[in-house]
Amino acid sequence: MSLNLDSSVSIGALTLRNPVVTASGTFASGREFADFVDLSRLGAVVTKGVSAVPWAGNASPRIAETSSGMLNSIGLQNPGVEAFVAKDLAWLAENAPGTPVIVNVSGHSVAEYVAVIERLEAEPTVSAYEVNISCPNVDAGGMAFGTDCVAAATVTAACRAVTDRTLIVKLSPNVTDIAGIAESVEAAGADGLSLINTLLGMAIDAEKRRPMLARGVGGLSGPAIKPVALRMVWQVAQRVGIPIVGMGGITTGTDAVEFLLAGASAVAVGTANFVDPTATIRIADGITEYCHRHGVTRVADLVGAMEV
Amino acid sequence: MSLNLDSSVSIGALTLRNPVVTASGTFASGREFADFVDLSRLGAVVTKGVSAVPWAGNASPRIAETSSGMLNSIGLQNPGVEAFVAKDLAWLAENAPGTPVIVNVSGHSVAEYVAVIERLEAEPTVSAYEVNISCPNVDAGGMAFGTDCVAAATVTAACRAVTDRTLIVKLSPNVTDIAGIAESVEAAGADGLSLINTLLGMAIDAEKRRPMLARGVGGLSGPAIKPVALRMVWQVAQRVGIPIVGMGGITTGTDAVEFLLAGASAVAVGTANFVDPTATIRIADGITEYCHRHGVTRVADLVGAMEV
Amino acid sequence: MTHAADKPAIERVTVIANDPVAAGVGLIVLSAPRCASLVRPGQFVHLRVATGADIILRRPFSIHRAYADRIEILYQILGTGTLRLAEKPVGDDTMDLVGPLGQGWRTPDTLSHALLVAGGLGAAPLGMLAERLAERGIAVTVAQGAPTAERLVARDLFERVARRVELATDDGSVGEQGFVTGPVSRLLAEESFDVVYACGPEPMQRAVASLVSTADAQCQVSLERLMACGIGACLSCVVSTIDGQKRACVDGPVFNAEEVVWNASETPPKH
Amino acid sequence: MTHAADKPAIERVTVIANDPVAAGVGLIVLSAPRCASLVRPGQFVHLRVATGADIILRRPFSIHRAYADRIEILYQILGTGTLRLAEKPVGDDTMDLVGPLGQGWRTPDTLSHALLVAGGLGAAPLGMLAERLAERGIAVTVAQGAPTAERLVARDLFERVARRVELATDDGSVGEQGFVTGPVSRLLAEESFDVVYACGPEPMQRAVASLVSTADAQCQVSLERLMACGIGACLSCVVSTIDGQKRACVDGPVFNAEEVVWNASETPPKH
Ligand SMILES: Cc1cc2nc3c(=O)[nH]c(=O)nc-3n(C[C@H](O)[C@H](O)[C@H](O)COP(=O)(O)OP(=O)(O)OC[C@H]3O[C@@H](n4cnc5c(N)ncnc54)[C@H](O)[C@@H]3O)c2cc1C
Ligand SMILES: Cc1cc2nc3c(=O)[nH]c(=O)nc-3n(C[C@H](O)[C@H](O)[C@H](O)COP(=O)(O)OP(=O)(O)OC[C@H]3O[C@@H](n4cnc5c(N)ncnc54)[C@H](O)[C@@H]3O)c2cc1C
Ligand SMILES: Cc1cc2nc3c(=O)[nH]c(=O)nc-3n(C[C@H](O)[C@H](O)[C@H](O)COP(=O)(O)O)c2cc1C
Ligand SMILES: Cc1cc2nc3c(=O)[nH]c(=O)nc-3n(C[C@H](O)[C@H](O)[C@H](O)COP(=O)(O)O)c2cc1C
Ligand code: FES
Ligand code: FES
């Protein structure tokens with residue numbers, strides 16, 4: 001039935017067969033979900049955060065459940081770019097050849113972000129980079145870059161300088177004016193933006209009088225944050241010209257359509273993958289169903305189509 | 001059974017018989033809840049926002065439900081300070097004589113905030129002011145004052161200059177560094193801080209392709225925001241010396257205890273009043289029960305007692 | 001706080017029956033002794049349909065009928081809350097209500113002939129009114145409209161207590177084809193009424209009000225608004241009136257048609 | 001994605017029975033044909049206890065027993081999720097599981113005598129193991145400990161299939177008074193085992209592991225961690241090992257005791 005529907009959307013030079021991608025850190029590099037999801041049906045696989053050298057991540061406990069959401073302080077644990085290339089990229093090339101791979105890039109410093117990209121430039125199967133300047137779970141770097149216009153622009157420009165591939169910058173919601181940051185990042189050469197990363201939050205164990213997370217604070221995700229995410233996508237879409245990958249609590253096809261209407265060109269599914277490992281496909285089907293019901297023939301026509 | 005428990009807490013010169021107060025705008029001025037709540041059992045009644053002249057508020061729809069939360073864009077509709085004095089203050093003086101009244105003050109400009117306080121200085125039954133520099137639902141003023149250190153300090157200093165009563169400033173969570181704003185407000189003479197006001201959010205009706213709220217955006221409240229509120233109370237408590245009234249999603253006694261442990265000296269109950277009109281009392285009883293279970297003899301001992 | 005006898009209160013309810021009455025419409029019978037004994041026609045309850053759920057707000061529902069220790073609610077499945085209501089099994093005791101709430105229909109002592117105008121689910125708050133008026137020996141005429149004959153909910157109740165019932169359906173499956181305003185204008189021409197009580201989609205209520213304004217009868221309408229608190233505190237349910245903004249939950253939901261400043265944007269997105 | 005026969009899948013389950021077996025402990029029997037046919041001892045399921053609820057994450061539970069089209073879960077009521085699980089009526093079909101998940105107990109072909117050490121709810125993942133080992137004619141000895149006699153859950157199962165069962169309770173209400181480590185050290189002295197399988201509070205597993213390290217037997221432990229995804233993607237369930245960080249959900253929950261770098265902070269706040 002999707003024959004008469006054009007589901008493709010574009011992020012810079014990159015065309016996605018449909019707008020549904022995976023949210024970094026919630027889908028590993030796809031292998032763990034291959035039992036549940038036909039990876040060839042995804043718009044793209046956005047990998048977990050990859051850093052120049054291996055990162056151990058934070059102490060446990062690393063997650064806590066909250067009302068309609070969860071906190072995490074994983075801290076970008078990853079085996080580093082070399083192991084990523086050898087294991088994850090190789091696996092993806094073999095098992096999901098037709099699906100674009102967007103590598104989420106982590107760093108403690110501008111140099112580290114650049115180092116990861118420079119290393120990956122040699123890899124033909126990487127389609128785009130998503131530079132994470134918004135992780136609330138690492139001390140140095142991480143969110144710090146995402147909360148200041150100048151720092152955000154600096155990282156962006158440095159990454160831009162070393163790649164011609166589609167460059168997406170992932171923004172932090174823990175700021176006063178996300179649209180201002182978005183403008184600086186656009187000016188610095190980003191091809192697209194993804195938002196939102198998690199909201200900085202905390203959960204407390206009243207019985208033990210301790211934070212639930214070993215790190216104390218963590219990133220809030222899930223349906224609880226959807227209203228904040230929709231608002232930010234909408235605000236940013238008013239102010240920039242580059243495409244947006246919207247995310248934050250997306251659980252159903254209708255949620256995804258709301259993000260498209262607010263101005264996102266694509267949507268990422270994160271926490272929902274933990275609740276329903278088939279969430280990405282269910283959501284893609286939901287978008288298709290919505291389009292048929294509303295006589296929409298091009299998903300791209302929904303982008304920013306909200307009447308305010 | 002609360003005989004052997006000292007539930008009193010202090011905010012500046014003001015002593016509350018227990019830490020549970022009402023969150024502004026969710027309890028009107030108490031009259032509407034008198035059928036459900038013994039007002040004499042509240043730590044204080046924090047009134048709805050009061051402005052110098054009547055405000056009509058925003059267009060409808062003004063609320064939308066979200067996962068474990070709600071959005072509102074009431075827009076501080078109120079009949080102005082004169083009507084407030086004649087109707088609400090008079091009613092409170094007669095029907096809740098022993099309960100401190102904290103008036104939540106709204107303004108579009110510094111002069112308007114000052115005007116409201118100057119008028120209320122003449123009223124003996126006002127115990128304290130809560131200056132709302134964080135309302136996301138008014139265009140001029142409102143949140144603008146709460147998202148900038150200088151503006152926040154200016155409003156605070158101007159209000160401080162015209163009253164010796166306990167002055168509480170209500171902070172916006174829609175900022176990069178709430179602790180920084182808190183420090184400026186403390187330096188400008190505030191006796192206490194209350195946080196958090198609502199997170200700016202949006203809900204979209206996918207079928208109609210319109211925002212759910214007539215105003216487009218609104219303030220997110222309820223359990224969904226509790227993790228963000230706890231984190232901010234904790235961050236601010238590390239950086240200021242003045243007492244904090246903590247709020248954001250408090251629904252149970254345990255929730256309230258979490259805020260006390262994070263560093264709040266008192267807690268405000270908002271959205272929960274809509275779900276259970278007796279929420280304030282249920283929560284106060286829950287704190288008492290917790291103290292008995294943990295052998296706590298002074299509620300004040302719980303303030304900031306979290307081990308990190 | 002002493003619960004002055006007629007004041008609203010929180011009351012745990014038990015499901016006595018819960019059955020479909022038309023496509024997407026159900027009738028739930030609840031055991032709620034206190035509310036049943038206090039409620040007046042046109043009042044509503046604020047029902048907590050779910051606890052520990054992702055939806056936190058209560059849902060407002062008119063009381064369709066009240067007798068002995070029971071109340072009846074006629075509900076249309078519109079979204080999450082009403083869907084969960086429809087799934088409540090007999091015996092379920094997880095819900096509680098706040099009520100009875102609001103100002104009901106006003107029935108002057110001089111009232112001798114009343115016209116009740118029900119559009120679709122608008123029949124809900126009119127059921128109890130029709131019964132109580134009939135009990136008082138007041139002549140009741142009903143004009144009821146719906147998309148189809150099947151959707152003429154509570155039609156039997158009206159047929160039972162009303163002197164005369166005129167029907168209209170969009171598809172003409174019963175009564176005259178078209179909106180309920182058809183029968184209403186005919187009735188206003190043929191008979192004289194002291195008060196016209198109207199409930200249904202707001203455009204329909206508005207149309208009825210303007211028809212009545214030309215006749216010499218008083219017109220009352222029951223308005224729907226989004227409601228958070230249901231008890232007058234949150235100002236989410238404002239109704240524009242010639243005397244300024246009022247609250248549907250405590251100043252209404254029933255208003256005199258003349259005082260209402262009709263404002264489509266105020267009506268809930270659904271219904 | 002083709003579901004290779006032994007791969008985990010999402011499976012809707014129906015509640016066949018759900019009864020308390022001790023204070024705060026229940027046994028739920030679920031119809032789950034696919035999972036029942038694939039599961040190996042020591043594996044677990046990630047159960048979606050509630051939908052449309054304020055809690056969104058699944059809950060991991062060991063499979064206590066599996067037969068025909070059914071699986072049994074032995075659960076302790078700890079919080080919201082397990083409380084809701086305890087409230088599930090027979091016939092409920094609102095839950096689904098992801099499973100079977102994880103690496104179960106390893107049972108070498110050379111295995112001839114196994115010691116199963118169960119502390120409290122640690123009996124859960126050992127029930128199926130005891131049955132399957134006995135079916136294979138392998139000698140099973142069980143050391144079980146709990147706060148009280150009543151809390152010796154699955155004791156009957158162990159008595160049924162084990163060659164020998166030694167008990168310990170904190171209150172001495174049955175067996176020797178004290179921790180299960182008492183019987184374990186005695187058994188290790190008296191008999192010789194190829195493998196010791198331990199599950200229970202992590203301090204107890206750690207104690208058992210060090211006892212075994214002095215004997216010449218292999219020791220396997222089943223570890224609990226907070227789990228979001230349950231399938232290896234989120235890294236919320238890390239276990240420190242001598243080979244670095246592993247994931248309890250896919251590399252475990254069963255680990256060889258020697259490879260575990262015991263780290264109390266990694267264990268869930270509860271249990
Ligand atoms: C005074 C009053 C009396 C009512 N009486 C009845 C009745 O007798 N029978 C009946 O079927 N319905 C009645 N309604 C409408 C009923 O409240 C809504 O249909 C119901 O709240 C929808 O909830 P939902 O979760 O299914 O829909 P959703 O759209 O999922 O609800 C989302 C939010 O919007 C609110 N909402 C959605 N539609 C309406 C609406 N039309 N009015 C008010 N709030 C709405 C819900 O309460 C909830 O807060 C009445 C409304 C009011 C104000
Ligand atoms: C592999 C594995 C097998 C398990 N097998 C069993 C079993 O057979 N029987 C049994 O009773 N319990 C078992 N548990 C523990 C069980 O998962 C928790 O008791 C349960 O998740 C608590 O949920 P709750 O909502 O009641 O508690 P809450 O404290 O309200 O849960 C809050 C959050 O913490 C998590 N959580 C809390 N305690 C634990 C814990 N001990 N382990 C993992 N997550 C936890 C919950 O999953 C949820 O995400 C197992 C855990 C794991 C990891
Ligand atoms: C467990 C977990 C790990 C995450 N890891 C990363 C990461 O490595 N890099 C990143 O940019 N975002 C990371 N995120 C953020 C998500 O990609 C996403 O921005 C956020 O969770 C909001 O979407 P959601 O509500 O659908 O989960 C992580 C989120 C979760 C829950
Ligand atoms: C309907 C509504 C109206 C509100 N009006 C005001 C107000 O007038 N002044 C103010 O300072 N805060 C106002 N608030 C914010 C609350 O006081 C509180 O800060 C916020 O809702 C978070 O608490 P909660 O999650 O317990 O509701 C309002 C909140 C709601 C939901
Ligand atoms: S619903 Fe809150 S004032 Fe009417
Ligand atoms: S629970 Fe997600 S990796 Fe183990």
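Note that these values count all heavy atoms, side chains included, but never hydrogens, waters or copies made by symmetry. Note on naming: letters A, B, ... go to the chains in the order of the sequence lines (proteins, then strands), and numbering restarts at 1 for each one.
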Pair C:Thr148-C:Thr169, side chain to side chain donor-acceptor pair (under 3.5 Å): steps then yes or no = CA-CA 5 Å; C:Thr148 66; C:Thr169 51; over 6 Å; no
Heavy-atom proximity to chain C below 4.5 Å, by part of B:Ser29 | neither
Relative to chain C, which of B:Gly25, B:Gly69, B:Gly222, B:Ala64 shows the most heavy atom pairs under 4.5 Å?
-> B:Gly69
OG on B:Ser51 to CD on B:Gln77, rounded to 0.5 Å = 10.5 Å
Any salt bridge between B:Lys48 and B:Glu32, counting N to O under 4.0 Å?
-> no
With a 4.5 angstrom heavy-atom cut-off, which part of B:Thr26 approaches chain C: side chain, backbone, both or neither?
-> backbone
Checking heavy-atom separations under 4.5 Å from chain B, one finds in residues 234-251 of chain C C:Cys234, C:Leu235, C:Ser236, C:Val238, C:Gln245, C:Arg247
Contact check, side chains of C:Gln43 and C:Leu101, non-hydrogen atoms, under 4.5 Å = no
Sort out for me which of B:Ser67, B:Ala56, B:Ala214, B:Ser40 touches chain C most, counting heavy-atom pairs under 4.5 Å.
-> B:Ala56
List the steps, then state whether side chain to side chain donor-acceptor pair (under 3.5 Å) holds for C:Arg40 with C:Gln103.
-> CA-CA 8 Å; C:Arg40 295 184 308 281; C:Gln103 307 303 322; 4.6 Å; no
Going by an N to O cut-off under 4.0 Å, is there a salt bridge joining B:Glu65 and C:Arg59?
-> yes
From CA spacing to verdict: side chain to side chain donor-acceptor pair (under 3.5 Å), B:Asp285, B:Tyr290 | CA-CA 9 Å; B:Asp285 292 341; B:Tyr290 175 95; over 6 Å; no
Considering all heavy atoms of both residues, which atom of B:Ile283 and which atom of B:Ala256 are nearest to each other, and what is their separation?
-> CG2-CB, 3.7 Å
Residue among C:Ala53, C:Ser265, C:Gly230 with most heavy-atom pairs under 4.5 Å to chain B = C:Ser265
